[in-house]
There are 2 protein chains.
Amino acid sequence: MDSEELRNAGLKVTIPRLKILSLLENSAERHMTAETVYRLLAEGGEVIGLATVYRALAQFEAAGLITRHHFDSGQTVYELERGPHHDHIVCIRCGRVEEFYDKVIEERQREIAASLGFTLSDHALTLYGECNSPDCPGHQG
Amino acid sequence: MDSEELRNAGLKVTIPRLKILSLLENSAERHMTAETVYRLLAEGGEVIGLATVYRALAQFEAAGLITRHHFDSGQTVYELERGPHHDHIVCIRCGRVEEFYDKVIEERQREIAASLGFTLSDHALTLYGECNSPDCPGHQG
DNA sequence: TGCTCAAACGATAATGATTCTCAATATAGA
DNA sequence: TCTATATTGAGAATCATTATCGTTTGAGCA
Ligand SMILES: [Zn+2]
Ligand SMILES: [Zn+2]
Ligand SMILES: [Zn+2]
Ligand SMILES: [Zn+2]
């Protein structure tokens with residue numbers, strides 16, 4: 001249950017936090033900005049202060065429940081931590097985000113860091129390109 | 001000469017642009033924010049409006065003279081385009097930035113994009129870790 | 001060299017995202 | 001239920017970046 005997750009993270013169980021966590025768990029789009037979280041909740045009739053949304057997301061991140069990405073769009077994008085690590089590819093036309101995991105790249109990263117005298121703790125890899133979805137505005141056909 | 005670069009980029013040759021370009025070329029630190037450019041110029045006695053710095057950097061980027069990065073720190077970091085493509089590793093303690101190029105990773109990226117139905121146009125790869133420089137505040141020694 | 005005019009400059013206002021403030025409110029535990 | 005404390009939300013504040021606009025400058029030409 002979501003209440004458990006919050007308690008395990010050392011956070012009080014409050015309505016706003018439960019609503020935000022639930023939204024992150026149940027939305028089709030896994031990657032969203034704070035504004036998007038705020039807007040989707042509002043559209044669902046759950047008006048939660050924007051400041052509270054930002055605070056909750058920051059706390060969730062500190063607790064390891066969610067991760068934060070900085071795509072080239074500028075705004076910070078949050079994503080519920082579920083399953084194993086993955087990286088992203090973003091369509092520069094329609095914004096669609098797909099996920100991937102590549103063992104070869106992950107291994108090379110460790111080797112590169114070591115060879116440069118760094119102890120690797122994290123990485124951010126995002127590919128940008130044009131997708132071939134029929135819904136993408138630039139789609140041919 | 002820098003004037004040539006500006007002319008080739010279709011930009012008028014002005015004092016501020018020459019100063020900014022020169023700073024990017026001659027600084028030991030190759031990666032800097034707009035604020036840093038502004039500050040370093042000011043410290044060198046060249047007071048150039050911050051708006052002008054931002055404008056020049058945007059124009060240089062559009063002309064392909066410099067590239068722009070979004071490290072997790074938040075601020076946009078600019079870097080003079082010289083030599084071939086490379087990615088970055090950033091020390092999370094002291095902020096030191098090192099560059100690397102890995103053919104294997106570059107190739108895998110193309111394969112991954114293709115397999116997901118994307119036409120790859122760009123990518124951003126940044127590793128984060130702790131460096132072993134004696135100057136790094138976390139250095140053991 | 002001096003003239004003209006669009007382009008560029010710089011001070012400052014505006015914007016957009018995010019964080020802070022603080023009085024009112026809700027939660028966890030006794 | 002009662003209390004002490006953490007959280008909330010509205011709005012102010014902040015930070016990076018961009019837009020505005022009157023003044024200045026560079027490039028081509030007489
Ligand atoms: Zn698309
Ligand atoms: Zn993801
Ligand atoms: Zn370091
Ligand atoms: Zn670099």
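Heavy-atom basis, side chains included; hydrogens, waters and symmetry copies ignored. On a predicted model such as this, the values are computed, not experimentally measured, just so you know.
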Any side-chain donor near an acceptor of the partner, Glu79(B) and His86(B), under 3.5 Å: yes

Gln75(B) versus His70(B), side-chain donor and acceptor atoms under 3.5 Å: no

Residues which pass side chain to side chain donor-acceptor pair (under 3.5 Å) with Arg110(B), listed by chain and number, not counting sequence neighbours: none

Residues touching DNA chain C, which here means a heavy atom under 4.0 Å, drawn from residues 22-49 of chain A: none

Selection: residues 51-63 of chain B, any non-hydrogen atom under 4.0 Å of DNA chain C: Ala51(B), Thr52(B), Arg55(B)

I'd like to know if [X] and [Y] make a salt bridge, using a cut-off of under 4.0 Å between side-chain N and carboxylate O.
{"X": "Arg108(B)", "Y": "Glu106(B)", "value": "no"}
{"X": "Arg82(A)", "Y": "Glu25(A)", "value": "no"}
{"X": "Lys103(B)", "Y": "Glu107(B)", "value": "no"}

ILVMFWY cluster membership beyond Ile89(A) - transitive side-chain contacts under 4.5 angstrom: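 So far as hydrophobic clustering goes, Ile89(A) is joined with Phe100(A), Ile105(A), Ile112(A), Leu116(A), Phe118(A), Leu120(A), Leu125(A), Leu127(A), Ile89(B), Phe100(B), Ile105(B), Ile112(B), Leu116(B), Phe118(B), Leu120(B), Leu125(B), Leu127(B).
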
Co-members of Val104(A) in a cluster of I, L, V, M, F, W and Y side chains, linked at under 4.5 Å: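 Val104(B), listed by chain and number.
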
Between P of dG16(C) and CG of Leu50(A), the distance in whole Å: 14 Å

Leu11(B) or Gln75(B), whichever maps to the more 5' nucleotide of DNA chain D: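 Whichever sits nearer the 5' end wins; that is Gln75(B).
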
Given DNA chain D, 5'-ward residue of the pair Val77(B) and Gly10(A), judged by closest heavy atom: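 Counting from the 5' end, the first nearest nucleotide belongs to Gly10(A).
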
For the side chain of [X] and the backbone of [Y], is there at least one donor-acceptor N/O pair under 3.5 Å apart?
{"X": "Thr33(B)", "Y": "Thr36(B)", "result": "yes"}
{"X": "Ser22(A)", "Y": "Leu18(A)", "result": "no"}
{"X": "Tyr128(A)", "Y": "Asp72(A)", "result": "yes"}
{"X": "Arg93(B)", "Y": "Cys136(B)", "result": "no"}

If hydrophobic clusters are built by linking Ile, Leu, Val, Met, Phe, Trp and Tyr wherever their side-chain heavy atoms come under 4.5 Å apart, do [X] and [Y] end up in the same one?
{"X": "Leu23(A)", "Y": "Leu6(A)", "answer": "yes"}
{"X": "Val97(A)", "Y": "Ile66(A)", "answer": "no"}
{"X": "Leu80(B)", "Y": "Val13(B)", "answer": "yes"}

What are the atom names and distances for every N/O pair under 3.5 Å that joins the protein to nucleotides 23-27 of chain C?
residue	atom	partner	partner atom	Å
dT27(C)	O2	Lys12(A)	NZ	3.2

Indicate every side-chain donor-acceptor pair of residues 50-59 of chain A with a distance under 3.5 Å to a residue at least two apart or in another chain.
residue	atom	partner	partner atom	Å
Thr52(A)	OG1	Arg55(A)	NH2	3.2
Gln59(A)	OE1	Arg17(A)	NH2	3.4

Contact residues, residues 64-74 of chain A to DNA chain D [heavy atom, < 4.0 Å]: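 Here the set is empty: none.
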
Residues forming a ring-ring contact (aromatic ring centres under 6.0 Å, His included) with His69(B), sequence neighbours excluded: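 Once residues adjacent in sequence are excluded, the partners of His69(B) under the ring-ring contact (aromatic ring centres under 6.0 Å, His included) criterion are Phe71(B), His88(B).
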
Start and end of the DNA chain D segment that chain A contacts, any atom under 4.0 Å from a heavy atom: dT5(D) to dG11(D)

Residues in salt bridge (Lys or Arg N to Asp or Glu O under 4.0 Å) contact with Glu29(B), at least two apart in sequence or another chain: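 None.
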
Angle of first-five versus last-five pair axes in the helix from dT1(C)-dA30(D) to dA30(C)-dT1(D), to 10 degrees: 40°

